[in-house]
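Letters A, B, ... are given to chains in the order of the sequence lines, protein chains preceding strands, and every chain is numbered from 1. Only a predicted model underlies this, so the values are computations on that prediction, with no experimental measurement involved.
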Amino acid sequence: MNRYFSAFWFRPLLAISFITLLLAVGPELLGVKSAYLTTDKLIFVLFAGIVLLVSYIHQKKHLLEPWRQVFRQRRAMISLVVLVTYASIGMLDSIHFRTPLPDSGHDNQQYSVESLSVLDVMLDRLRSQEEKTYSAPFAAYLYSKETITHADGSQSREYPRLVYGGRHLADPARDRAGDILRTSLIGIVLGAVIGKLLCLLLAWRIARASQQKVMALWWQIWKGQTELPWRSLFLTLILLSIAITSAWMLSKYYHVFGTDKVGKDVLYLSIKSIRTGLVIGTLTTLIMLPFAILLGILAGYYRGWVDDVIQYLYTTLSSIPGVLLIAAAILSIQVYISTHPELFTTGTQRADLRLLALCVILGITSWTGLCRLLRAETLKLRELDYIQAATALGVKNFVILGRHVLPNVMHIVLIMVVLDFSALVLAEAVLSYVGVGVDPSTISWGNMINGARLELAREPMVWWSLVAAFVLMFALVLPANLFSDAVRDAFDPRLRESR
Amino acid sequence: MFAYILRRIFYAIPILIGVNLLTFTLFFVVNSPDDMARMHLGEKHLTPEAIEKWKHNRGYDKPLLYNDKAEGAGKFTDTIFFTKSVSLFAFRFGSADDGRDIGQDILQRMWPSLAIAVPVFIVGILFNITFALLLAFFRGTYLDVWGVILCVVLMSISALFYIIGGQYLVGKMLHLVPISGYDTGLNSFKFLILPVIIGVIGGIGAGTRWYRTIFLEEINKDYVRTARAKGLSELRVLFRHVLKNAMIPILTGAVVIIPQLFMGSLLTESFFGIPGLGSYTIDAIQSQDFAIVRAMVFLGSVAYIVGLIMTDISYTLVDPRIRLD
């Protein structure tokens with residue numbers, strides 16, 4: 001029995017089962033109806049896989065070493081904090097449920113058609129505070145003039161006050177700047193305190209793991225004397241917490257990023273877009289990975305006609321420019337969706353299916369590169385002594401593939417996966433602009449940019465949706481790129497030699 | 001050489017057949033022509049006659065693969081597969097939904113596209129190589145470290161931002177060039193300059209980093225050590241030895257860019273209102289004109305294969321040891 005307690009999968013599996021149970025019965029206990037989408041489930045599968053993998057790596061010293069090398073770089077540590085923040089937001093946004101309708105008079109409880117996520121509940125204020133139309137960031141007045149009837153019956157054209165933004169101000173022109181400054185100062189102080197508490201908690205955890213005294217470690221960290229750059233991690237954590245808290249404080253009274261055409265808060269939209277970006281960046285890889293790995297090592301290992309067939313497959317696919325293949329596939333899926341309305345009960349489900357289809361198609365266009373690399377590497381590996389020895393000893397082919405080839409090509413897989421992520425997030429925006437991206441009803445950076453593009457010509461310019469989408473996208477893609485750089489440096493032996 | 005090219009063209013045929021089969025499956029098997037007709041006509045005017053008429057106008061009223069009503073060879077030629085997919089090999093693209101001949105349109109729109117893609121390609125490579133050589137020369141210094149970080153930052157910015165930002169800055173604020181439009185002949189220059197600049201800037205991040213790795217890989221080889229041991233200056237080593245020997249990976253990388261050029265032209269052309277192939281494709285996608293999309297998929301893969309063959313030929317030019325036979 002003790003053998004099982006110490007196995008790498010024991011604790012994570014326990015945690016995963018617990019979370020699964022919570023996700024399965026939790027909503028019912030809280031009186032709502034769970035409504036998980038297909039992508040939600042896949043995200044949780046992916047999450048479980050990552051947890052198991054991390055736990056496995058943690059137990060194997062030779063696997064842990066390159067990762068230590070990754071995290072010795074400050075850039076990687078900082079990027080990790082940002083990426084984990086994004087991932088948590090995406091996960092919160094993936095727990096969907098439907099709230100019960102007030103009292104419908106029937107015996108069985110009715111549930112609302114619209115499905116919400118946990119993030120929606122947390123950001124309820126942002127979600128519900130809708131204006132009439134555009135308003136600039138931190139504005140107290142609407143973007144466009146309206147005819148207002150005064151108390152004495154006279155009418156005039158002027159900019160009306162916003163329903164929510166800056167409504168607590170008596171005279172916005174006079175009080176606004178001071179109020180924004182005051183609120184954000186409170187936010188900064190509060191954020192710094194929360195951030196520092198988080199850091200202390202983390203330091204306590206690290207100290208316990210490495211059996212050190214907490215305060216001693218704390219000072220070591222702040223002097224930057226630790227092996228891993230914890231100081232950078234802590235500073236990033238504090239900065240992030242300040243940014244989030246002050247945005248939270250300010251969003252109580254203002255629309256931090258303004259509102260869009262139908263008066264929705266742009267900050268809310270750009271936060272909701274995170275999930276779409278993450279789904280495309282991760283699920284695409286999850287879908288294409290099994291094919292790429294299997295076909296790649298099969299082609300390299302067996303050669304002959306297997307190799308010919310697989311090479312033909314990926315040459316054909318890669319000869320079509322990606323956008324066109326995606327466009328062709330999405331167009332035919334659009335036709336399929338519109339002619340088979342009976343398959344989906346809600347609009348959210350339909351949009352979700354299209355998102356999943358997009359992931360599959362992006363996967364089809366992007367597996368060829370990885371497959372080609374794996375084939376080349378396997379061709380090299382199969383001539384090496386240890387594999388020749390295994391063959392001579394009569395080890396079965398699939399055992400050789402699983403035990404000797406696969407572990408030795410995993411570094412390539414890892415490098416490609418992290419490299420692909422940022423490219424996919426960026427591709428979503430472009431594809432949505434072209435009209436073959438996610439469903440128009442899905443909230444995504446691409447759709448935000450697409451919607452805001454036409455408004456640039458207006459005078460004064462409506463720039464905020466565009467800027468918000470670009471900034472949040474950039475804040476995800478840059479850390480992802482920096483992180484993948486660090487991973488490549490640590491795992492690519494060829495590059496390490498050339499330093 | 002000639003035999004080699006012939007053989008490569010011969011190899012290309014099964015790939016093009018595969019591409020055709022793929023688009024055929026996507027457009028005619030996954031969705032029957034009836035489905036497409038319904039989608040196109042909308043719910044309002046949906047009568048069986050209207051669907052039949054729609055299909056007849058486009059030649060979609062034939063059987064998919066095998067026509068048992070026709071005579072002789074017609075059993076195979078009088079089908080959707082033969083008329084719509086096989087005819088692509090003869091570069092007969094048929095007509096678009098608005099009745100215009102696709103082949104004619106493509107011939108006309110090819111030139112504005114090339115006028116953007118070729119300068120972006122050439123100027124882009126020159127810039128990227130220059131910057132990469134600079135970083136390789138100062139490798140290991142702060143300039144190199146921050147140069148690479150700057151490249152990553154540039155890479156992380158969406159292509160849409162470069163276009164929208166550039167348009168706004170140069171066109172709207174500084175009023176240097178018109179924001180969008182196109183003209184023939186020399187007048188086209190002022191319309192082309194901004195898209196080309198934006199295309200080059202958008203590609204600098206990824207390109208410079210890519211060439212830098214190539215140069216760094218070469219720099220650690222034995223011949224470079226020999227050259228240094230001879231007492232050559234570092235600059236001479238870089239330009240005379242490293243650059244020349246890096247030509248093979250540089251050329252290989254150039255083909256990889258071709259599909260990306262297409263993606264780039266798709267965006268720039270539609271933002272700048274240039275009547276090229278990119279905007280043609282976008283319009284087709286948005287109006288769901290399947291015939292044009294099919295033609296462009298075919299042309300795209302032809303261009304890719306031609307690019308591959310040209311790369312192989314160019315290898316012989318930069319490295320006399322390589323013989324194609």
Turns out that what part of B/Ile164 lies under 4.5 Å from chain A's heavy atoms comes down to side chain
Quick one: do B/Leu16 and B/Ser301 satisfy side-chain contact (heavy atoms from CB on, under 4.5 Å)? Show the steps, please. CA-CA 7 Å; B/Leu16 289 177; B/Ser301 46; 3.8 Å; yes
Part of A/Leu476 within contact of chain B (heavy atom distance under 4.5 Å): neither
Just checking B/Tyr11: does its OH atom have more than 12 heavy atoms from other residues, nucleotides or ligands closer to it than 6.0 angstrom? no
What option among B/Ile149, B/Val152, B/Val297 has the most heavy-atom pairs under 4.5 Å with chain A? B/Val152
Listed by chain and number, what are the ring-ring contact (aromatic ring centres under 6.0 Å, His included) partners of B/Tyr162, not counting sequence neighbours? none
When heavy-atom pairs shorter than 4.5 Å are enumerated against chain B, which of A/Thr315, A/Thr316, A/Leu313, A/Val467 gives the highest number? A/Thr316
Check the pair A/Ile449, A/Met473 against side-chain contact (heavy atoms from CB on, under 4.5 Å), reporting the backbone distance first and the verdict last. CA-CA 11 Å; A/Ile449 294 171; A/Met473 196 155 60; 4.0 Å; yes
Structural part of A/Leu317 lying under 4.5 Å from a heavy atom of chain B: side chain
Under 4.5 Å from any heavy atom of chain A, what part of B/Leu22 do you find: side chain, backbone, both or neither? side chain
A side-chain contact here means heavy atoms from C-beta on lying under 4.5 Å apart; do A/Asn447 and A/Tyr433 qualify? no
Side chain, backbone, both or neither of A/Leu478 within contact of chain B (heavy atoms, under 4.5 Å): both
Cut-off 4.5 Å, heavy atoms of chain A, and the answer for B/Tyr168 is side chain
Polar side-chain atom of B/Arg212 near backbone of B/Arg209 as donor-acceptor pair, under 3.5 Å: no
Partner chain A: residue of B/Val148, B/Val302, B/Ile285, B/Val293 with the largest heavy-atom pair count (under 4.5 Å): B/Ile285
Part of A/Phe470 lying under 4.5 Å from any heavy atom of chain B: side chain
Contact part of B/Ser158 toward chain A, heavy-atom cut-off under 4.5 Å: side chain, backbone, both or neither? both
Count the heavy atoms belonging to other residues, nucleotides or ligands that lie under 6.0 Å from CZ of B/Phe161, then report whether that count exceeds 12. no
Engaged part of A/Phe474 at the chain B interface, taking heavy atoms whose separation is under 4.5 Å: both
When heavy-atom pairs shorter than 4.5 Å are enumerated against chain A, which of B/Lys221, B/Met155, B/Arg294 gives the highest number? B/Met155
Assess whether side-chain contact (heavy atoms from CB on, under 4.5 Å) is satisfied between A/Val438 and A/Ser432, documenting all intermediate values. CA-CA 6 Å; A/Val438 295; A/Ser432 296; 3.7 Å; yes
Given A/Leu353 and A/Tyr336, is the side-chain contact (heavy atoms from CB on, under 4.5 Å) satisfied, shown in steps? CA-CA 11 Å; A/Leu353 185 89; A/Tyr336 184 83; 5.7 Å; no
